[in-house]
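Remarks on the structure that follows.
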Amino acid sequence: MASLKELRGRITGVKSTRKITNAMKMVAASKLRRAQSQAEAARPYAEAMGRMMAELAAASRGADASSLPTLLGGTGKDQVHLVVVLTSDRGLAGGFNANIVRSARQLIRTLRDEGRTVRLLPVGRKGADILAKEYPDLVVERVAGTEGRDVGFDKAEYVGKKIVAMLEAGEIDRCTLIYNRFVNAMTQIAIQLPLVPLSVAENDNAAPAEAAQYEFEPDEATLLANLLPRNLQVQIFSALLESAAGEQGARMTAMDNASRNASKAIDRLSQKYNRTRQANITNELIEIISGAEAV
Amino acid sequence: MPLRIEIVSPEKRLVDRQVDMAVVPGMEGDIAAMPDRAPLMLQLRGGVVALYEGDKIVDRYFVGGGFADMGAEHCTILADSAQLMSELSADDARDRLRDLETTWAQIEPNDTDAHDRLSREIQSVRAELEAVEGPASV
């Protein structure tokens with residue numbers, strides 16, 4: 001049986017762990033609020049962009065696939081897939097990163113079974129560490145995540161430009177983004193979003209009359225060519241924001257569980273401590289009494 | 001005031017209000033968005049968006065390129081970056097211009113894409129400087 005001193009030490013240890021997890025939970029909660037309001041603020045741009053894309057895609061629908069920009073129509077091949085994996089830079093967020101990596105692993109396996117070549121572009125340190133260990137030959141570049149700061153559009157811009165550059169150099173044919181979609185603090189869903197070729201939301205029933213009359217300056221093709229890379233960046237940006245909110249949500253839940261576990265452990269240990277103390281006293285009493293009787 | 005103008009940057013919505021007219025810096029020249037105009041989509045160069053109430057300019061925003069979607073009742077500006085004119089800083093813009101010009105001197109002469117992109121950025125920063133200081137000093 002553990003001595004009283006040992007038990008006291010363990011109780012203090014678990015108590016300080018609980019203090020840390022509790023503090024982390026509070027921090028995650030306030031960061032989550034921030035991340036959510038940031039995601040909220042970015043929504044109007046993404047929505048307006050989506051509307052414009054839909055109009056433009058409708059206007060250039062008549063054109064055959066080969067004359068469309070590569071970002072919209074694809075390269076015409078389906079051989080090399082780039083998988084962009086969004087994870088966090090820090091751990092202690094429950095299954096947040098493991099979920100993403102599992103989803104990435106699955107996609108890689110499916111693509112390989114189909115005989116395709118896979119390249120990886122991990123964004124965020126945690127995913128990069130795991131993927132670089134498992135698939136060292138596939139990783140094109142490691143991009144640092146947000147490093148605990150707010151998500152900036154420059155990060156999305158960088159990743160977007162990188163994808164476009166690889167596409168134009170003929171290094172990749174398709175691109176898929178894997179990220180955690182924020183549902184609520186408890187739930188994040190790993191999503192596989194195809195970025196290239198782009199799937200444009202069809203809005204056939206949403207005011208088609210106006211769509212027909214749109215004028216474009218400069219012409220549709222130029223506008224589309226300029227709008228597409230921007231749209232790609234916007235999609236990556238909103239994924240980054242979702243992922244940031246999801247990370248904080250996951251961490252909050254994980255730390256809440258950890259604090260609760262710590263409380264339970266403390267209860268258990270205190271009970272054990274009290275029992276041991278009581279047993280020791282009883283022992284001493286028995287010794288004294290039996291000593292007195294022997295005299 | 002029947003025209004709803006929105007200026008949104010990727011990170012937030014800067015303006016959402018009713019005005020009489022908005023003058024927008026299009027790639028091929030300035031264009032005024034007024035009520036009941038035919039729907040138009042245009043690409044923007046770096047320049048100033050002026051919001052009018054009656055004949056008076058009530059607000060001026062600098063946008064660093066982007067896109068605009070105009071309709072009969074709305075004008076949505078998707079700005080790459082946007083700032084209220086009074087918040088712009090000439091020193092900051094001059095620093096950025098210097099950086100861009102250094103990059104300009106370094107890129108490969110036959111990399112046309114990079115040239116195009118960079119010249120657009122330089123133009124945008126020049127327009128910003130011009131907007132802050134007036135055309136004389138540039």
- Message: At a heavy-atom distance under 4.5 Å, which candidate from A/Ala156, A/Pro218, A/Ala39 has the highest pair count against chain B?
- Response: A/Pro218

- Query: About how many Å separate CE of B/Met70 and OH of A/Tyr214, when rounded to the nearest 0.5 Å?
  - Reply: 10.5 Å

- Do A/Phe153 and B/Asp80 come within less than 4.5 Å of each other through their side chains, counting heavy atoms only? no

- Answer yes or no: does atom CG of B/Asp55 have more than 12 heavy-atom neighbours from other residues, nucleotides or ligands under 6.0 Å? no

- So, the part of A/Arg43 with a heavy atom under 4.5 Å from chain B: the answer is neither

- Neighbour count above 12 (heavy atom, 6.0 Å) for A/Arg34 CZ: no

- Note on the structure: Rounding to 0.5 Å, atoms CE (B/Met41) and CG (A/Leu224) come to a distance of 10.5 Å

- Message: Shorter than 4.5 Å, heavy atoms on both sides: which option in B/Glu11, B/Arg13, B/Lys12 has the most such pairs with chain A?
- Response: B/Glu11

- Near B/Glu73 CD, under 6.0 Å, is it more than 12 heavy atoms from other residues, nucleotides or ligands? no

- Side chains of A/Leu227 and B/Phe67 in contact at under 4.5 Å (non-hydrogen atoms): yes

- Task: With the side chain counted from C-beta on, respond yes when B/Gln43 and A/Glu217 share a heavy-atom pair under 4.5 Å apart, and no when they do not.
- Result: no

- Message: Do B/Pro10 and A/Gln233 make a side-chain contact, defined as non-hydrogen atoms from C-beta onward lying under 4.5 Å apart?
- Response: no

- Note on the structure: Per-residue tally against chain A (heavy atom, under 4.5 Å) across B/Leu78, B/Leu42, B/Ile31 peaks at B/Leu78

